[in-house]
Amino acid sequence: MTKNILSSLAILLCLFSCKKEINQKKQLQEVASAAKSANAEIPPFNLEVILRGEGGSFGHVSFRQDVDPAKIITLNTWIRDLEPNHQYQLQRAVDTNIDGNCTGTSWLTLGKGLTPQTITTDDTGTGREELWRDVSAIPTGSTFDIHFRVIDAVTHAVVLASDCYHYTVR
């Protein structure tokens, strides 16, 4: 009888050990699934846009689309080494042929929502402006190539331009 009890205990111990191993495997699968889901959040929702011009002029746009049902992109823009006490505008153009070659030429002047906003430089030729754009009309998951430029607000001459970036709407 003791032999039967020991055999039964061994079988139960094995079953519970196997169940623990199965639970651990299930937990690992859930973690892997969660990681895969998190990777769905990896597309380029946020960009660090660098703009360059002649004579060392430079610009940077911190392009952010937070997890937000309103689908607002913030465009914290900084320019330097441009004409002092002058006004400029940030523009973007997109194309849906996702090949890393920005061919879009329909330039949109960016600002505070739909209202274009100038970026005014100080007496050292540096300017900053917090811009934003509502992309709620664009379906989540839409992707496109996008490039930026800064133009002189008076002459419309291009003073800074970026490379091509790839963007996905969150």
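- Rounded to the nearest 0.5 Å, atoms CD1 (Ile146) and CG (Leu47) are 7.0 Å apart.
- Sorted by first then second residue, the side chain to side chain donor-acceptor pair (under 3.5 Å) pairs that include residues 105-118, not counting sequence neighbours, are Gln91-Thr109, Lys112-Glu129.
- Listed by chain and residue number, Asp152, Ala157 satisfy the side chain to side chain contact (heavy atoms under 4.5 Å, CB included) test with Thr155 (two or more places apart in sequence, or in another chain).
- Residues that satisfy the salt bridge (charged side-chain N to carboxylate O under 4.0 Å, His left out) test with Arg64, not counting sequence neighbours, are Glu48.
- Distance check, rounded to the nearest 0.5 Å: CG of Asn101 to CG of Asp163 gives 11.0 Å.
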For a side-chain contact (heavy atoms from CB on, under 4.5 Å) check, start with the C-alpha distance between Thr126 and Trp78, then their side-chain angles and the critical distance, and finish with the verdict. CA-CA 7 Å; Thr126 299; Trp78 172 69; 3.5 Å; yes
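- Legend: residues meeting side chain to side chain contact (heavy atoms under 4.5 Å, CB included) with Ile72, ordered by chain and number and at least two apart, are Asp68, Ala70, Trp132, Asp134.
- Residues forming a side chain to side chain contact (heavy atoms under 4.5 Å, CB included) with Ile138 (at least two apart in sequence, or on another chain): Val135, Ser142, Val169.
- Across all non-hydrogen atoms, the minimal contact from Pro116 to Gln89 is CB-NE2, 4.2 Å.
- Under the rule for a ring pair (Phe, Tyr, Trp, His ring centres under 6.0 Å), the partners of Tyr167 that lie at least two apart in sequence or sit in another chain are Phe63, Phe144.
- The backbone N or O of Thr103 lies less than 3.5 Å from a partner atom in the side chain of Asp95, making a donor-acceptor pair.
- Remark: the backbone N or O of Gly125 is not paired with any side-chain donor or acceptor of His86 at under 3.5 angstrom.
- For the pair Val154/Gln87, no side-chain contact is recorded, criterion being any heavy-atom separation below 4.5 Å from C-beta on.
- Across every non-hydrogen atom of Arg170 and Val67, the tightest pair is NH1-CG2, 3.2 Å.
- One distance of note links OG1 of Thr120 with OH of Tyr88; it measures 10.0 Å at 0.5 Å rounding.
- Distance check: His166 NE2 to Asp99 CG gives 11.0 Å after rounding to the nearest 0.5 Å.
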Leu110 vs Thr77, test: side-chain contact (heavy atoms from CB on, under 4.5 Å). Steps then yes/no. CA-CA 11 Å; Leu110 299 166; Thr77 306; over 6 Å; no
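- Residue pairs meeting the side chain to side chain donor-acceptor pair (under 3.5 Å) criterion with at least one member in residues 49-59: none, sequence neighbours excluded.
- Partners of Asp123 under the side chain to side chain donor-acceptor pair (under 3.5 Å) rule, at least two apart in sequence or in another chain, do not exist in this structure.
- In terms of heavy-atom proximity, Arg80 sits nearest to Gly56 at NH1-O, 4.2 Å.
- Within the hydrophobic cluster formed by Ile, Leu, Val, Met, Phe, Trp and Tyr side chains joined at under 4.5 Å, directly or through other members, Ile151 is accompanied by Val158.
- Thr74 contributes atom OG1, which lies 8.5 Å from atom CD of Glu130 (distance to the nearest 0.5 angstrom).
- Counting all heavy atoms, side chain and backbone alike, Ala93 lies closest to Gly104 at CB-O, 3.4 Å.
- Taking the side chain as every heavy atom from C-beta outward, Leu160 and Phe58 never approach each other to under 4.5 Å.
- Counting heavy atoms from C-beta on, the side chains of Arg133 and Leu108 come closer than 4.5 Å.
- The side chain to side chain donor-acceptor pair (under 3.5 Å) test applied to Asn85 returns no partner, not counting sequence neighbours.
- With rounding to the nearest 0.5 Å, the separation of CG in Asp81 from OG1 in Thr121 is 10.5 Å.
- Under the rule for a side chain to side chain contact (heavy atoms under 4.5 Å, CB included), Pro84 has no partner lying at least two apart in sequence or in another chain.
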When you look at Leu51 and Ile79, which way does the side-chain contact (heavy atoms from CB on, under 4.5 Å) test go after all the steps? CA-CA 8 Å; Leu51 300 113; Ile79 55 178; 5.8 Å; no
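- For Asp122, the side chain to side chain donor-acceptor pair (under 3.5 Å) criterion is met by Thr124, not counting sequence neighbours.
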